[in-house]
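Count residues from 1 along the sequence. The figures here come from the full heavy-atom set of this structure, side chains too, leaving out hydrogens, waters and symmetry mates.
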Amino acid sequence: MKSIQRSILLMATILIIYFASANSAPPATAGEWTLTLTAGENTAYRNGKAFELAGKPYIQDHAFYFPLQAVTEALGGTYREYDDTVKIEFSAYTAEYHVGKNNYAVNGEDIVADAPVRCFPADSSGMYYNAVAGRTPVRHDGMIYFPLGFTGVDAPDRYAPGINSLRYAADKMVIISTVQNDDCLIDSTNPENRLATGMAFSELPSDISAELQPSDDKAYVLNYTIENYQSNDLKISVMRRLTGEDTENMDGKICNITACSPRFQTPRGLKAGDTEQSITILYGTWDDPFLVFSTENDCVDTLELRKNYYTAG
């Protein structure tokens, strides 16, 4: 009888742990992560997938605060807390912060957080940055919260992949991303394969180039011809010099890549077939002429990388 009771208790404990963690973000492994946070909401998104934060981000005195442990771990960092001191580690740096203090340490170097802090929302003068920081980590609802942009002007953590990697900010929403290069597409069947405009056509991974078939369609720009290739997943355009000098340094190089299947995705995780809302979650208001998303029926139809020489038809 006791063994049956122990088994029931063990099963109940497993179920409690499962349901408590089902909606939280699993620990991030090494890689590129894009985190979308909204003030006043527990729901956040990592690489486009929703999960629940332990605490809600909030805005106070024009500063955006987020729960430091949840965000650090969701971005692939490690978090350790000692009373009112926190130590976080990312691949590029280790930092130690203190509740209520604007001094901190990065890789053992003492720093004063004096960088301008973005205002949420913009104040009446239209200024989006406050030159006098004056914000510090705080304890809120039993957790340590971090003010977005808390860093020194010349600090090593200001631009390194980590919690200060702000990519987009609106009145209530921010996107933090450790992605360092948005201008490429990743092959989900082999993540080592990354495609980008400007790379030589001859340098394409062999498995991808083997799938491409030449098209009869050609175009011309400057003293180059444009050759087009296509597979079930991709359309690729390549510039070939016809006459004269290779003044654009594009002879034999890719000037356009269009992904039309979920196989290829952006480093932030966007792919064909995703909802149109996914663009906003991963990129905010996006207006980049060299990385273009087309939609159809409220879904992502294609992802297109462009050079300024040619747009595929």
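The only member of M239, R241, K253 that meets side chain to side chain contact (heavy atoms under 4.5 Å, CB included) when paired with D246 is R241. For the pairing with N256, the side chain to side chain donor-acceptor pair (under 3.5 Å) check across R306, E304, K235 returns one residue only, E304.
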Go through S209 and S206 one step at a time and tell me if the side-chain hydrogen bond (donor to acceptor under 3.5 Å, both in side chains) criterion holds.
-> CA-CA 5 Å; S209 60; S206 58; 5.8 Å; no

After noting the C-alpha distance and the side-chain angles of Q213 and S231, does the key distance pass the side-chain hydrogen bond (donor to acceptor under 3.5 Å, both in side chains) rule?
-> CA-CA 6 Å; Q213 298 298 319; S231 70; over 6 Å; no

Run the side chain to side chain contact (heavy atoms under 4.5 Å, CB included) check on M173 and E41 step by step: do they pass?
-> CA-CA 10 Å; M173 185 181 85; E41 295 185 13; over 6 Å; no

Could you walk me through whether V153 and R158 pass the side chain to side chain contact (heavy atoms under 4.5 Å, CB included) test, one step at a time?
-> CA-CA 7 Å; V153 171; R158 189 176 184 191; 3.7 Å; yes

Kindly indicate, with the supporting measurements, whether the criterion side chain to side chain contact (heavy atoms under 4.5 Å, CB included) is fulfilled by I144 and F146.
-> CA-CA 7 Å; I144 293 179; F146 192 81; over 6 Å; no

Intermediate values then yes/no, side chain to side chain contact (heavy atoms under 4.5 Å, CB included), V86 and T72 | CA-CA 11 Å; V86 169; T72 297; over 6 Å; no

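With T178 contributing its side chain and P161 its backbone, the two residues share no donor-acceptor pair below 3.5 Å. Looking only at distances, a side-chain donor or acceptor of S188 sits under 3.5 Å from a matching main-chain atom of R263. One N or O on the side chain of R167 and one on the backbone of V179 form a donor-acceptor pair closer than 3.5 Å. In this structure, D141 contributes its side chain and M143 its backbone to no donor-acceptor pair below 3.5 Å. Without hydrogens or angle criteria, Y229 side chain to L234 main chain gives no donor-acceptor distance under 3.5 Å. Checked by atom type and distance alone, the side chain of D233 never pairs as donor or acceptor with a backbone atom of S261 at under 3.5 Å. One N or O on the side chain of R268 and one on the backbone of L282 form a donor-acceptor pair closer than 3.5 Å. Of the possible polar contacts, none joining the S177 side chain to the L35 backbone as a donor-acceptor pair under 3.5 Å is found. Looking only at distances, no side-chain donor or acceptor of T197 sits under 3.5 Å from a matching main-chain atom of L305. Between the N193 side chain and the D187 main chain, no donor and acceptor come within less than 3.5 Å of each other.
The environment of D154 atom CG is sparse: at most 12 non-hydrogen atoms of other residues, nucleotides or ligands sit within 6.0 angstrom. Under a cut-off of 6.0 angstrom, the local environment of CZ in F290 is crowded, with over 12 non-hydrogen atoms contributed by other residues, nucleotides or ligands.
Between L185 and T266 there is a side-chain heavy-atom pair separated by less than 4.5 Å. Counting heavy atoms from C-beta on, the side chains of E203 and I254 never come closer than 4.5 Å. For the pair L204 and L195, the minimum side-chain heavy-atom distance is below 4.5 Å. Within the 4.5 Å cutoff, no side-chain heavy atoms of N297 are placed close to those of C299. Using a 4.5 Å heavy-atom threshold, the side chains of H62 and R135 count as touching. The shortest side-chain heavy-atom distance between P156 and I111 falls under the 4.5 Å cut-off. Put simply, the side chain of D288 reaches to within 4.5 Å of the side chain of D183, judged on heavy atoms. When side chains are defined from C-beta on, I236 counts as touching F201, because their heavy atoms get closer than 4.5 Å.
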Anything under 3.5 Å between a donor and an acceptor, one on a side chain of residues 91-100, the other on a protein residue two or more places apart or in another chain? List them.
residue	atom	partner	partner atom	Å
Y97	OH	D157	OD2	3.4
H98	ND1	T85	OG1	3.1

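A donor and an acceptor atom, one from each side chain of T285 and Y168, are located under 3.5 Å apart. A donor atom on one side chain and an acceptor atom on the other are found under 3.5 Å apart for N228 and S237. When only modelled atom types and interatomic distance are considered, T34 and Y283 share no side-chain donor-acceptor pair under 3.5 Å.
Between E32 and R194 there is a salt bridge, since a side-chain N of the basic residue sits under 4.0 Å from a carboxylate O of the acidic one. Note on R80 versus E89: salt bridge recorded, some NZ/NE/NH1/NH2 to OD/OE distance being below 4.0 Å. A salt bridge links E81 and R139; the closest N-O separation between the charged side-chain nitrogens and carboxylate oxygens is under 4.0 Å.
Placement of Y159 and V117 in two distinct hydrophobic clusters is found when ILVMFWY residues are connected by side-chain heavy-atom separations under 4.5 Å, directly or transitively. Hydrophobic clustering keeps Y65 apart from I176 (ILVMFWY residues linked when any side-chain heavy atoms are closer than 4.5 Å, directly or through intermediates). Under a hydrophobic-cluster definition in which Ile, Leu, Val, Met, Phe, Trp and Tyr are linked whenever side-chain heavy atoms come within less than 4.5 Å, directly or via other members, M250 and I257 are assigned to different clusters.
I163 and L148 make their closest contact through O-CD1, 4.4 Å (heavy atoms, listed as atom of the first residue, atom of the second, distance). Here the closest non-hydrogen pair linking F150 and P137 is CZ-CD, 3.7 Å. In terms of heavy-atom proximity, C255 sits nearest to I226 at SG-CD1, 4.1 Å.
With sequence neighbours excluded, no residue forms a side-chain hydrogen bond (donor to acceptor under 3.5 Å, both in side chains) with Y45.
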